[in-house]
Every structure is written in C-alpha cells, then in structure tokens.
Amino acid sequence: MPTITREQISVAFFDLIAGAVNFTATSRRFVHWDQVNETQMPFLTMLKTGEVRGRQSEGLPTLTINAHVFVYLSAGMDPEDVPDTAMNALLDAIDAAVEPSGADALNGNKKTLGGLVSHCYPLGPVFVDTGDTDGKAVAAIPFQILVP
C-alpha cells in the first residue's frame, strides 16, 4: 500500500472545506484577518496547529493532525442586520461538508477524506466573533485528522 503524505491530506482537507461555501477567496497559507479586505470576503484560510504521535491498541503507530479553519466575513455595520445569521450559515455549511456521506457513511460513518485518513472531524470550542462591534466577523474552527 502506498504511503499517504501529509501534503495529500492537507490538500484533501482544504479542498473539502473550500468546497463547502462559495468563498470569494481562499488560502492554504494562513492569512490574518487584518490582511483581508472586504472584497475578498467570505475568506477561508487554515493553520496546522500541531501533530501528536500515538499508538493504537494494536500497537500500530498513529498520527493526529490538529488544524484550525478560519472563516472571515464582512458583517457590515447596519444596525438592522444580524451578523450572526451569515456566520451561522457558513458554520452550518462547513459542518455539512464534513458530515460522512457515500462510502464514508456506509463504512463506519467517518469522514475519511477519500480514504486518506481514518477520521476527520471538528473537535473543541469554536471561537466566533460575529462582527457586531467592528463589522468584521471571524470564526476559528478546530479540527482533528486521524491518520492510521
């Protein structure tokens, strides 16, 4: 069986999330929200935040890749708008994209990024600033990717 690389996993993961929404712009290289202008929003970027090596009960080595997906959105400053509405739609779309479907749903109900990993899922607290005070919204969504 060929070795699966971190790069293959990163590309598959980013493509999955980028396909969740019609983002105006995306970058696999982390971009801070202050560097994104309103014409580029909604904007998607990600940051690999670490790796953990471990062992399964069978003694096989495993790798856990931790990453954060960042979504930037122009919330505007219209007091009649509810910025939370647009952010909720984006978060729901990302959740739907990582929901197991097809073969993944049939084979253990796990998102496998096309069979590259044993599981890919959001895990942990999601930071959300809906942009009520300054018109720029941001969400940081933590993910774990389990590699057999």
Side-chain angles (χ1 to χ4, degrees), residues 3-54 56 62-148:
T3 301
I4 296 168
T5 67
R6 287 170 174 83
E7 183 60 13
Q8 289 172 300
I9 294 166
S10 293
V11 168
F13 175 61
F14 188 77
D15 289 349
L16 174 71
I17 302 301
V21 175
N22 188 18
F23 289 101
T24 303
T26 63
S27 176
R28 262 190 62 203
R29 183 175 186 161
F30 178 72
V31 178
H32 190 271
W33 72 310
D34 285 339
Q35 298 170 319
V36 178
N37 64 51
E38 286 190 25
T39 63
Q40 296 173 297
M41 295 183 194
F43 186 89
L44 169 72
T45 190
M46 74 177 202
L47 179 65
K48 182 177 177 179
T49 56
E51 294 184 356
V52 178
R53 282 272 179 206
Q56 294 177 346
T62 61
L63 172 67
T64 300
I65 298 172
N66 297 306
H68 273 73
V69 168
F70 293 85
V71 175
Y72 307 140
L73 181 66
S74 176
M77 293 304 294
D78 184 343
E80 299 299 315
D81 285 342
V82 179
D84 200 30
T85 301
M87 183 59 79
N88 285 339
L90 289 172
L91 293 173
D92 287 343
I94 290 170
D95 283 347
V98 298
E99 191 70 28
S101 60
D104 283 348
L106 296 174
N107 297 322
N109 202 30
K110 299 176 182 179
K111 193 63 165 186
T112 66
L113 302 177
L116 295 174
V117 301
S118 61
H119 209 339
C120 170
Y121 52 89
L123 180 70
V126 176
F127 171 81
V128 179
D129 176 347
T130 58
D132 288 294
T133 57
D134 63 2
K136 287 180 94 173
V138 61
I141 310 155
F143 277 84
Q144 277 196 340
I145 301 168
L146 304 178
V147 185

Exercise for review: Check step by step if side-chain contact (heavy atoms from CB on, under 4.5 Å) holds for Met46 and Phe14.
Suggested key: CA-CA 8 Å; Met46 74 177 202; Phe14 188 77; 3.6 Å; yes

Check your understanding: Taking it one step at a time, do Val138 and Phe127 satisfy side-chain contact (heavy atoms from CB on, under 4.5 Å)?
Key -> CA-CA 8 Å; Val138 61; Phe127 171 81; 3.8 Å; yes

Practice item. List the steps and the verdict of side-chain contact (heavy atoms from CB on, under 4.5 Å) for Phe143 and Val98. Key: CA-CA 10 Å; Phe143 277 84; Val98 298; 3.7 Å; yes

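Contact record, Lys111 with Pro100: N-CG, 3.7 Å, taken as the closest heavy-atom pair. The two atoms that bring Arg28 and Val11 nearest to each other are NH1-CG2, 3.3 Å, heavy atoms only. Closest approach of Val21 and Ala93 over heavy atoms only: CG2-CB, 3.5 Å. The shortest non-hydrogen separation linking Ser118 to Pro148 is N-CD, 3.7 Å. Residues Ala140 and Phe70 share a closest heavy-atom pair of CB-CE2, 3.5 Å. Smallest separation of non-hydrogen atoms from Lys48 and Ile65: CE-CG2, 4.0 Å.
Between the side chain of Tyr72 and the backbone N or O of Val31 there is at least one donor-acceptor pair closer than 3.5 Å. Listed for the Thr5 side chain is a donor-acceptor partner under 3.5 Å among the backbone atoms of Gln8.
Interatomic distance, CG of Leu116 versus CD1 of Ile9, reported as 6.0 Å (0.5 Å rounding). To the nearest 0.5 Å, atom NE2 of residue His68 and atom OG1 of residue Thr45 are 12.5 Å apart. Note: Phe43 CZ to Ser74 OG = 14.0 Å, rounded to the nearest 0.5 Å. If you take CD1 on Ile145 and CG on Leu113, they are separated by 6.0 Å, rounding to the nearest 0.5 Å. Going from atom CG of Leu73 over to atom CE of Met87 covers 5.0 Å, rounded to the nearest 0.5 Å. For the atom pair CG (Leu44) and CD1 (Ile94), the distance works out to 6.5 Å, reported to the nearest 0.5 Å.
Residue-environment remark: CG (Asn37) exceeds the threshold of 12 foreign heavy atoms within 6.0 Å. Within 6.0 Å of CD on Glu51 lie more than 12 heavy atoms contributed by other residues, nucleotides or ligands.
Contact of the Ile141 side chain with the Val126 side chain is registered, since non-hydrogen atoms from C-beta on lie closer than 4.5 Å.
A side-chain hydrogen bond (donor to acceptor under 3.5 Å, both in side chains) check over residues 121-148, counting only residues at least two apart or in different chains, returns the pairs Asn66-Gln144, Tyr121-Gln144, Thr130-Asp132.
Among residues two or more places apart in sequence or in another chain, the side-chain hydrogen bond (donor to acceptor under 3.5 Å, both in side chains) test is passed with Thr112 by Asp104.
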